[in-house]
Amino acid sequence: MARGKSHTNLDEAFLALPDYWSPRVVAAANGQYVKVAKVKGEFVWHAHADEDEFFLVRKGALTIRYRDRPEVVLREGDFHVVPKGVEHMPVAADECWVVLVEPAATKHTGNTVSLITRTIEEQTAHLR
Ligand code: NI
């Protein structure tokens, strides 16, 4: 995976992101992808039936809304794991930089397909 234009500096990877809610894969290890995403506003309600999802906030603040439990507010340096099968919606009032770790097969919008859904090919296009 580490070839060509792939970044080895996290903040450079964030600065290279062109759009909100459009994650990029920056590393792969043991069947897991490490992704960076720049987010602002509301994402979509979704769940990942078979995958836990790790969130780490690098800059800004991110709220993870849940339907069946209290929301979680993550600030710079905070991390959180969304359990598999649990419906959630990330929200950021202002621009937020998020690191995600999840199995390579995970769809970032889960079983919800919307205009902001990015395929894994789109998330890794910058590496080719
Ligand atoms: Ni998710």
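Residue numbers count from 1 along this sequence. Everything numeric here is computed off the predicted structure, so don't read it as measured data. Ligands are counted one by one from 1 in listed order, and the atoms in each one are counted from 1 as well.
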Should the heavy atoms of other residues, nucleotides or ligands under 6.0 Å from CZ of Arg75 be counted, would the total exceed 12?
-> no

Can Glu87 and Arg67 be said to form a salt bridge (charged side-chain N to carboxylate O under 4.0 Å, His left out), step by step?
-> CA-CA 7 Å; Glu87 208 175 4; Arg67 294 202 195 269; 2.8 Å; yes

What is the name of the N/O/S atom in Glu53 that sits closest to the Ni ion (ligand 1)?
-> OE1

Please name the atom of His46, restricted to N, O or S, that is closest to the Ni ion (ligand 1).
-> NE2

N/O/S atom of Glu102 inside 2.8 Å of the Ni ion (ligand 1), strictly under = no

In terms of heavy-atom contacts, Leu62 and Pro90 come closest through CD1-CB, 4.0 Å

With a cut-off of under 6.0 Å to the ring centre and 45° to the axis, is Lys38 in cation-pi contact with Trp97?
-> no

